[in-house]
Structure formats: structure tokens, C-alpha cells
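Since the structure comes first, as C-alpha cells, the remarks are kept for the end.
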Amino acid sequence: MDTNFLDELNIAQKKAVENTDGPVLIVAGPGSGKTRVITSRIAYLIQRQGVNPYNIAAVTFTNKAASEMKDRLSSMLGSDAARVTASTFHSFCSMVLRREGAAVGLDRDFVIFDDDDQIDTIKKAMKDLDIDPKSFAPRNILSRISNSKSQLIDYEQFVKQKGNYYDEVVGRVFENYENTLSQSNAADFDDLLMKTHDLFLNNPSVLENYQNRFIYLMVDEFQDTNIAQYGIAKQIAGTHRNLCVVGDPDQSIYSWRNADIRNILSFRDDFPEADLIPLEENYRSTQTILEGARELISANKERVEKNLWTRNDKGNLITVVEGYNEDEEAHLVLKEIVRILDSGKHSQKDIAVMYRVNAQSRTFEMACQKYRIPYQIVGGIKFYQRKEIKDITAYLRTLLNPNDSISLARIINMPTRGLGQRTINEITRIARVNNLSMFEVIEKLTDPDSETETLGIQLSKRALNSLEQFRDLITSLRSKIDNDLINLIDSVVQQTGYHKYLQNDQEQGEERLENIQEYMNSAREYAHMENREGLTTFLESVALVSDIDDLDDSEESITLITLHQAKGLEFPAVFMVGMEEGILPHRRAIETGDPSELEEERRLCYVGMTRAQSLLYMMRAFRRGFRGGLEPSAPSRFLSEIPRNLIHMPGLDNQSTENSTTRNQKSSQANPGKNIKRSKTMRTQNTVTSNNRIVKPKSPTRRKRVVNKIAPPIPTSSYSAGEKVSHGTFGEGIVMNCEASGDDLQVTVAFKSDAGVKKLLASLAKLTKL
DNA sequence: AATTAGGCATTTTTT
DNA sequence: ATGCCTAATT
């Protein structure tokens, strides 16, 4: 147990730690030891001031940050740490609502609707209201609704506001959307916050309990909180006023998710007695990196100047490298990574590649495979968003709450059981007219005693039969709801016919069954819980996990991550890629012409740069693929905002005679796998026999939650011009040309048949040599 | 009812 | 290039 934690702090940090009485605003620059301050502050409260750990809460942005905080606390405090509340706003609220939700119309078994469910709900609402999704993008409507709710404006207030035609439409969808949620006993992300706020607002005695429970409240990443989150913090800290918020306006990058930077200003109004403590000494980065980042961010107008400094060395210059296209960009990054690894100074886990949009990750994944560098990728296609996982989850939710029509609609004909669009339309119609849930309609329709004739049913005997079977399926599974969770999931997979359905799927069945297996594994930790509590807790965790939570920083692999997700992390070596106009800053920020959006892009760039401890690379490509074709891509304006004397450009400093085209050619021929023992023998000959099909690496992005994978062997086969081949569809032909295309081979074949000359990918086309 | 083909819009970041 | 939705086909 560490009792001398105070000795390790600088003056400002110490002040932040010891200043426990009353409100505090800590403005923490990047790398200024923010997490250490928060944990030390908690330790100080408990050990020096005798505060009961039970009375302390710290709210963070991600589960990962929360669990790291807990880890650090337990090494400082031992068993007391477990009694401190450390969680995200969303899971905090969800905990409150499970206990007290009845007061705001939520049953304790409520489910949390994630993004996909929300979109489904919006679409259903639009269908009900006969609004054309082509004229009104569901996504935009949702974001409007979410924006409203995150400012604690419910649909009644929303429709009252004078608005344009668009908002009038949104208002109608909003109402329907809210009705569906409440009928489904569901809460979306914003509800977790808004309903908690409502609860506290309307039930002073409940609020009082929480005020007295959480006498000390800390909020991390305060610059990224929205109005609702800050509102809740204010409510809880209302009487004791021991609210400590920690943030950095320069790292505010979530305004698109309704984070409201004005919270920092409001805080000073709401708590005028608050102490402001700036943390300005940076322990993370070299002088050069810090100065570059500082210069960059100083271009923002909406900002308060900070005086960041460091005792660290000057270190290396920031390396700016320009590649021909995105492939070469990736190639240059990987080449440099191999060099860094060979130097022995850093290992894989010290290195991160950061990009603006997830779509950029693919090139780097393929490059990692080619170079056989193990990597972890955060995000991309999310595990819980896979169809099979969502289907099983929807079954589980339906069991918990059959009135959840969104989930029910998802699985009513999955796998197919003769309940097609027509039947579903009819059920939703009846449901709408009679204000019933879909399941209630199904029960009525299949109940021989009820008088259904009056409803004007237009369903075949056959459909009614299938409905009856479906009802029995759900009822029978529902009787097992208090069984062991693993058991329950297994019953669902078996009895619904889902297992069989996947077994018959030649293409993806196997992988999907594995995913379900993985899903069951992750359910295991909830299996010991009593009755249905395991189920509700599991479903909650499924909805509230974030990708970053799965990042394993002890793993020996490099990290591929978006700039947003990288916030709060640090790496000895960072590659920021796609430093181009249109990527960073993103096109959208440029096109709107809104200066504040550009400033947010700049902050994003700032966040990226300040993740780096000693090596920072900023990469760009001259041309980038866009909508199929290649388009020229101009260097990011942010590059020119970094002082030239901090930058080193290998291409220009050393080998300025070489133009990009020749570099491109050279690089695509460079031996990518020189550190791989087997590769030399493997790639010498075209030794592939006709039945030794080349396997294209599985599309990299669809893997587990966090892909952690070492590359499969490099394709070793080749075709040479003049060779005769045969193709399943096109028949016989002669190879004209064969060249590398990514990991694959592109073969040009002239066929004898009418097919003529075709370009084929060796891995996909089943070519047989003759 | 289910599968397939073709047309259309589309690309930010996520608790 | 990809994915999503509608229309057409069996």
C-alpha cells in the first residue's frame, strides 16, 4: 500500500489533491498526470481525511478508464478501493434507474437500446407516420432527437418550440419514437441520463439519498460532458458542493455527440467559489512534440491560452512523410515500424497508428498482415453489431419483455418460419390501430376464445398457424428465463432453429456459430447470478460496452485506433496518418464552413500529437481513393501550422531527387517479410499445385471485438504470361499478365469464349492451370 | 416466400 | 467500392 503518494506530486498536483473542500475545476493539459491526481485525491480523502470510500464517486468517460482507475486505487488503498464508485455516467445512471426507475416509468428489467435499435425505432416511426425516409434521413432525425434529449428537452417541449418544417416532422417522429420506447420498456442512451435527471428533479427525497451517499463527486473529461450529464452532477453535488471536475477545453472533441463546452463556463457561474487549478507540466512528450502541438492549437481562436511546458529532452524532430497513395502510406508506416522494432528500443505495444476515420484502418490491417506485425484494432465492425449476435440478443430481450416490438420484429421470422412481410405488416397495423404491442396482437390472434373477427383480420390460416407456433416458442422459452444464463442462451439457439439455420449456411455458418460461442463465453461471468438478474445485467453490459474497453495494452501488438478513441492514451511512438485536407480536417468540417467545426478538427489533431511520448510521425498521401477512383489529396493545413524547424521530411532532406512515382515502385518491390524465416523459401517458386488454392486473408475488419491477429502466409503462387488456364465460368484462356494487387494477384486472362479479356483476382477466381 | 439483380446513395468521430 | 433498399424472378 502506497502512503507516500503526496511526495510524488508537483505543487499544482498537490494543490489539486489537497483541495477537497468545495468545488474545484482542474484544467489538465495533456500528459499532466491527471489520472494520478484523481486517484491520489481519492486516496487522500480516504486516508488523510477519513472519508468513507462509500461516499466517493468518480465518473469517467469509458469503462476502460473506470476500471483503470479502480486498478490504481486498489494498489494504493487495497480493499477500500472496491467501495469507491467508479463508473461511466451511463452505467451510473443505469444503476440508479434499476433501483428507482419505477418513478419515471421504467420497469427494473428495462433494456437499453443501442444505436442500431434506435435507428430501427426511428424507421418504424417513420413508417407508421408515412414519412419518406428518402426525404428525411433517419440518421439525421435521430441525431436531432438525441441532441434534444441530451439537453434535457423532451418531445413535448420540443414540439412547442417554434421550429421549421423539418423540426415539425422531427417532432412527430419524436413522439412516436418515445411511445415505442416506453411500450418496449426500453431506454436509449440519452434516456439513461434524462430520466435520471427527471427522477432527481421530481423526487427530492430520492435525490437527497444520493446527495448524502455521494458526498464527494469527481467528473473526468469534463469538456466532453453534455448538458444532461452536467445537470446530474449538479443535482448530486447540490448540497455538499464537493464537485471536482477535470478537463481540458483543448481536448474537447465530442461536440458532435452533444458534448457542450459551455459546461465549463457554466461551472464557473454555478460554482463561483470554485478553485481553478491548472496542471501545466507535461510528463509525457518531448519538448519538440509538445511545442509542435502547442503551436498548432494556438491557431484556434475560441480558446484560453495555456502555458504547457516540460522538463523532458528536446528529442527527435517530428517526421512528416508523404507517400504516393494510401497503399504506399501504409507501406512506409510499416517499413518504419519494422525499423523501430529492429532498433530494439521499442516493442510492438509501444506503437500506435492513428486515423481520422475507421475506413482508413483497412489499408493498415492489410499492411500489418503483409509485414507480419501483430496488431490490435479498436472498433471497426463491432462484435455486438454482428447480425447473429443481434439476433440472439433480440431473442433474449423478447423473452425478458415480449412487448419490446423492435426486438420482436427482428426475430419473428429469423430463421424463416413463414411469417413474411405481409403478415408482419398486418400485425403492426393492428397493433397501431389498437395501441397494442406486436406480441399482444399475436396473443389475441392466436387465442381461439377471443373475438378477432371485429378487427378485420386479413391473414391466411397458414400464417395464423405459424403465429401460433411462434407464440408457443416464445412462451416456452420464457418459462426458462430464470434458468442459468448459459443454459438459457443455449436453449434459444437450439429451440428457435437458429443453430440449424447456421449449420446449413455453408459460407458463414461456421464463423457465426463461433461468434455465438464467443457470446456465450462473455455471458459466463453473469451466469452465477440469481434468477433473471444475470440476464438483465448481461444485456446491460452488452449495450454499454465500448470498443476502447477491449484494448489490451499489455498485448505485444501494435495498436490501430481512431483519433477519437485515442484520447486518454499514450504511446512512445505514434503515426498519425491521412494528414490531408478532407481527412483531417474532415471534408464535412470544411464544407459546412463553420469555423468552430474546423477548430474541433484542430483539437483532434492536437489530441493525436499529444499522445506521442518520443516519436511522432505525420503521414500523408498525394492521392487517395475516393468513391472508386483516385483523387489528388492536398496536405492538411495543420501540417503547415507546425513550425518548420520542428519537422523533418526524409524525402526532401535526404533524397530530394527521387520523385514519388519511383519511390512508389521501389517500395512495392521491397521485400516485405525480411524478418520472417520461412518466407524466403516460400516465395522462390511458383510451386502451387492446381488444388492448392490461394487463400485470400479473410476480410480483415470482420473479426472479434478486438482483432489480434498475426498475418496468414503471403500468397505464393503466380501465373506467367502465356500460361493456359481454365475458369469455371469463362472456360479456357491464356494468361496475358499477372501483377501484385495488395496481398493478392491480379491476373489478366484472354478467354477463348465471348468473355474476352478479363482481369481476375487469383484468390477469388478459381483458375486452374492446364 | 426467398433469393437475386440492379439502382441508389454514401462515408466521422461513439457512451 | 460498398452497402442498403426495391423490384423482379422463381
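In what follows, chains are A, B, ... by sequence order, proteins preceding strands, each numbered from 1. Just the heavy atoms: all of them, side chains too, but no hydrogens, waters or symmetry mates, feed the values below. On a predicted model such as this, the values are computed, not experimentally measured, just so you know.
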What's the [atom1]-[atom2] distance between [X] and [N], to the nearest Å?
X: A/Met354; N: B/dT13; atom1: CE; atom2: P; answer: 16 Å
X: A/Asp188; N: B/dT14; atom1: CG; atom2: P; answer: 18 Å
X: A/Asp260; N: B/dT15; atom1: CG; atom2: P; answer: 19 Å
X: A/Arg587; N: B/dT10; atom1: CZ; atom2: C1'; answer: 10 Å
X: A/Glu631; N: C/dA1; atom1: CD; atom2: P; answer: 14 Å
X: A/Asn258; N: B/dT13; atom1: CG; atom2: P; answer: 16 Å
X: A/Phe89; N: B/dT14; atom1: CZ; atom2: C1'; answer: 16 Å
X: A/Gln118; N: B/dT14; atom1: CD; atom2: P; answer: 15 Å

Fill in: Residues A/Asp117, A/Arg397; criterion salt bridge (charged side-chain N to carboxylate O under 4.0 Å, His left out); working and verdict
CA-CA 12 Å; A/Asp117 305 318; A/Arg397 287 178 174 184; 3.0 Å; yes

Fill in: Electrostatic pair A/Glu591:A/Arg588 at N-O distance under 4.0 angstrom
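Not counted as a salt bridge, because no side-chain N and carboxylate O are separated by less than 4.0 Å.
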
Discussion item. Any non-hydrogen side-chain atom of A/Gln118 less than 4.5 Å from a side-chain atom of A/Tyr177?
Written reply: yes

Answer yes or no: does a side-chain N or O of [X] lie under 4.0 Å from OP1 or OP2 of [N]?
X: A/Thr562; N: B/dT14; answer: yes
X: A/Asn358; N: B/dT14; answer: yes
X: A/Gln565; N: B/dT14; answer: yes

Discussion item. According to side chain to side chain contact (heavy atoms under 4.5 Å, CB included), who are the partners of A/Asn147, at least two apart in sequence or on a separate chain?
Written reply: A/Arg144, A/Gln151, A/Asn258

Item to complete: State yes or no: are the ring centers of A/Phe364 and A/Tyr375 separated by less than 6.0 Å?
Response: no

Worksheet entry | A/Tyr254-B/dT13 aromatic stacking (under 5.5 Å, under 30°) | no

Discussion item. Once rounded to the nearest 0.5 Å, what's the spacing between atom CD1 of A/Ile227 and atom CG of A/Leu152?
Written reply: 7.5 Å

Give each protein N/O atom lying under 3.5 Å from an N/O atom of nucleotides 1-5 of chain B, with the pair distance.
{"unit_1": "B/dA2", "atom_1": "OP1", "unit_2": "A/Thr416", "atom_2": "OG1", "d": "3.1"}
{"unit_1": "B/dA2", "atom_1": "OP2", "unit_2": "A/Asn413", "atom_2": "ND2", "d": "3.4"}

Worksheet item: Under 6.0 Å from the six-membered ring centre of A/Phe470 and within 45° of its axis: does the NZ or CZ of A/Arg417 meet both?
Response: no

Listing time: all N or O pairs from protein to nucleotides 2-6 of chain C that are below 3.5 Å?
{"unit_1": "C/dC5", "atom_1": "OP1", "unit_2": "A/Lys123", "atom_2": "NZ", "d": "2.9"}

Worksheet item: At under 4.0 Å between heavy atoms, what does A/Phe61 touch on the DNA or RNA strands: base, sugar-phosphate, or nothing?
Response: sugar-phosphate

Worksheet item: Quick one: which of A/Phe92, A/Phe222, A/Tyr254, A/Phe89 gives a ring-ring contact (aromatic ring centres under 6.0 Å, His included) with A/Phe61?
Response: A/Tyr254

Item to complete: For B/dT13 versus C/dC4, give the span between their P atoms, rounded off to a whole number of Å.
Response: 15 Å

Discussion item. Show the nearest heavy-atom pair for residues A/Glu601 and A/Ala589, with the distance to one decimal.
Written reply: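 It is CG-CB, 3.5 Å.
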
Item to complete: Could you tell me whether a side-chain N or O of A/Glu302 sits under 3.5 Å from a main-chain N or O of A/Glu599, the two making a donor and an acceptor?
Response: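 No, because the side chain of A/Glu302 does not come within donor-acceptor range (under 3.5 Å) of the backbone of A/Glu599.
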
Worksheet, complete the sentence: Assert: residue with more 5' nearest nucleotide on DNA chain B, out of A/Asp115 and A/Glu597, is A/Glu597

